[in-house]
Student: 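This is the structure, below, for whatever I ask next.
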Amino acid sequence: MPELPEVETIARGLASRLTGDFIESVWLGSKPEPLKSSAAEIAATLQSRRIADVRRMGKHIVFELVSARERPSERAGAKAQWIVHLGMTGSMLVCKPELEIAKHTHAVVKLASGRELRFVDPRRFGRLSVARDFDAVGCEPLDVKLDRFITLFHGRKTPIKSALLNQKLLCGVGNIYADESLFRAGIRPRRRAVSLTRENLCRLYKSVQEVLKEAIALGGSSVSHYVDSDGQEGSFQLEHRVYGREGKRCLSCKAAIKRIVIAGRSSHYCPKCQK
DNA sequence: ACTATTTCCTGGATGC
DNA sequence: TGCATCCAGGAAATAG
């Protein structure tokens, strides 16, 4: 399930391989169910554009596109963005056109270099859309200043775990990294955000950044078949201290890791290390 | 204005 | 072996 580190890894890979390439044509499956844009709108926006850059915003991949030619409605050089959210099982594959089209392929982009960029998503939680000035809304966890981070949670009665998952507050943190960050900060996931001291929040701030940076350095966590656009697996799953470790011994105190459900999501924590 | 719950979707795991 | 059931989870939609 791609969260910030996985999406960052994918976006970097796509940027290094696709920047400068040109989109010749686009095929969209019957039901990519884009956020706001229709299939026709997406296809029309992508067609005949050069990929100027690929970057990550929150859990979104943003393709920065520039039109190479004049169009009826706009001048040459006009900008547009293709926004891809991978959901849980989405992947972006750069491959040769001869490669067999995998089941659940919902989009195929033909590039001037002769390669194809394919969007594959078995569970269909992924979303495609186009925009002009995309805004991920929440703060980027690796850019936000400490004081801003602290005010994000001010007065919130919701469990801190839920607040960390709220993309309108911080964007990019998902279930795995929320659990791992809370473990490192020594905070139980059910603790109400409002009950956390400044000290707690400082630790959490450091933990979130530390966990995300380490995960990016290792290419993300490969669970549920996650691979980057090269087909390469990440290795941060080997560093998980609580996520997916229910019943196993805590790596620092040997207590059994617990799993509870918060807002319908599995939440893993050490009952001894986290208060 | 918040917060909590439900819904979407399919493959893989589990159980009888 | 085969079929049914459950579970995973991001975020929009809905309910409270």
Side-chain angles (χ1 to χ4, degrees), chain A residues 1-11 28-38 56-62 83-92 101-107 119-129 131 134-141 151-182 189-196 208 212 215 220-227 234 236-237 240 242-247 257-269:
Chain A
M1 44 227 67
E3 302 179 28
L4 188 152
E6 292 78 29
V7 180
E8 179 71 31
T9 302
I10 292 166
L28 293 168
S30 54
K31 223 178 71 172
E33 289 301 326
L35 284 176
K36 301 159 194 149
S37 336
S38 68
R56 176 198 62 77
M57 284 178 75
K59 294 176 194 170
H60 301 264
I61 301 170
V62 180
I83 314 298
V84 178
H85 192 297
L86 298 171
M88 284 189 59
T89 54
S91 57
M92 298 295 283
I101 302 276
K103 203 176 168 184
H104 307 300
T105 298
H106 306 305
F119 171 62
V120 185
D121 182 18
R123 223 167 286 180
R124 292 177 175 276
F125 272 23
R127 291 291 180 268
L128 309 180
S129 63
F134 181 73
D135 186 0
V137 185
C139 295
E140 281 290 339
T151 59
L152 287 178
F153 303 106
H154 223 255
R156 297 194 175 265
K157 285 188 288 184
T158 195
I160 185 63
K161 167 73 183 274
S162 299
L164 285 172
L165 295 178
N166 184 345
Q167 304 295 299
K168 294 192 175 89
L169 303 178
L170 277 185
C171 62
V173 177
N175 209 35
I176 295 174
Y177 298 101
D179 282 4
E180 293 299 317
S181 300
L182 287 167
R190 263 222 252 266
R191 279 280 296 281
R192 305 268 153 188
V194 70
S195 77
L196 298 176
V208 168
L212 293 175
S221 303
S222 281
V223 294
S224 311
H225 312 113
Y226 158 78
V227 287
F236 192 73
Q237 68 280 7
H240 292 175
V242 286
Y243 182 84
R245 298 194 66 244
E246 182 187 10
I257 299 299
K258 284 200 165 187
R259 185 181 78 90
I260 57 177
V261 174
I262 298 172
R265 299 288 163 263
S266 292
S267 302
H268 312 75
Y269 71 99

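From a predicted model like this one, the values you see are computed outputs, not experimental measurements. Within every chain, numbering begins at 1; the chains are lettered A, B, ... in the order of the sequence lines, protein sequences first and strands thereafter.
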Student: How many angstroms lie between atom NE2 of A:His85 and atom CD1 of A:Ile61, to the nearest 0.5 angstrom?
Tutor: 9.5 Å
Student: Please list, for nucleotides 4-8 of chain C, all pairs of protein and nucleotide N/O atoms separated by less than 3.5 Å.
Tutor:
from	atom 1	to	atom 2	distance (Å)
C:dA8	OP1	A:Arg259	NH1	3.0
C:dA8	OP1	A:Ser266	OG	3.2
C:dA8	N3	A:Arg123	NH1	2.7

Student: Are OP1 or OP2 of B:dT10 and a side-chain N or O of A:Arg124 less than 4.0 angstrom apart?
Tutor: yes
Student: Is A:His104 near enough to B:dC9 that one of its side-chain N or O atoms lies under 4.0 angstrom from OP1 or OP2?
Tutor: no
Student: Between C:dG9 atom C1' and A:Ile176 atom CD1, what is the distance in whole Å?
Tutor: 10 Å
Student: Just how far, in rounded Å, is C1' of B:dA4 from CZ of A:Arg190?
Tutor: 13 Å
Student: Rounded to whole Å, how long is the line connecting atom OH of A:Tyr177 with atom P of C:dG9?
Tutor: 13 Å
Student: How far does CE of A:Met88 sit from CZ of A:Phe125, to the nearest 0.5 angstrom?
Tutor: 7.0 Å
Student: In Å, rounded to the nearest 0.5 Å, how long is the span from CD1 of A:Ile10 to CZ of A:Arg56?
Tutor: 11.5 Å
Student: Would you say A:Tyr177 and A:Ser221 make side-chain contact, with heavy atoms under 4.5 Å?
Tutor: yes
Student: Over all strands shown, is A:Lys103 touching base, sugar-phosphate only, or nothing at heavy-atom distances under 4.0 angstrom?
Tutor: sugar-phosphate
Student: Need to verify one output field. Residue with the more 5' nearest nucleotide on DNA chain B, A:Arg265 or A:Gly155?
Tutor: A:Gly155
Student: Of the listed nucleotides (B:dA4, B:dG11, C:dG10), which one gets closest to any side-chain atom of A:Pro122?
Tutor: B:dG11
Student: What is the distance, to the nearest angstrom, from the CG atom on A:Leu164 to the P atom on C:dG10?
Tutor: 12 Å
Student: Could you check whether A:Phe125 and the base of C:dA11 form a stacked pair, meaning centres closer than 5.5 Å and planes differing by less than 30°?
Tutor: no
Student: Take atom CG of A:Asp179 and atom C1' of C:dG9, then tell me their distance rounded to the nearest Å.
Tutor: 12 Å
Student: Return no unless some side-chain N or O of A:His85 is found under 4.0 Å from OP1 or OP2 of C:dA11.
Tutor: yes
Student: Ignoring backbone atoms, test whether A:Thr158 places a side-chain nitrogen or oxygen under 4.0 Å from the OP1 or OP2 oxygen of B:dA4.
Tutor: yes
Student: Just N and O in the side chain of A:Arg127: are any of them under 4.0 Å from OP1 or OP2 of B:dC9?
Tutor: no
Student: At what distance, to the nearest 0.5 angstrom, does CG of A:Leu28 lie from OG1 of A:Thr105?
Tutor: 12.0 Å
Student: Taking atom C1' of B:dT3 as reference, at what distance in whole Å does atom NZ of A:Lys161 sit?
Tutor: 17 Å
Student: Would you kindly say whether A:His106 and A:Asp121 are connected by a side-chain donor-acceptor distance under 3.5 Å?
Tutor: no
Student: Write down the atom of A:Ala263, the atom of A:Ser162, and the distance for their closest heavy-atom approach.
Tutor: CB-OG, 3.9 Å
Student: A:Leu152 CG to B:dT3 P: how many Å, rounded?
Tutor: 13 Å
Student: For A:His60 and C:dA12, what is the distance between atoms NE2 and C1' respectively, to the nearest whole Å?
Tutor: 12 Å
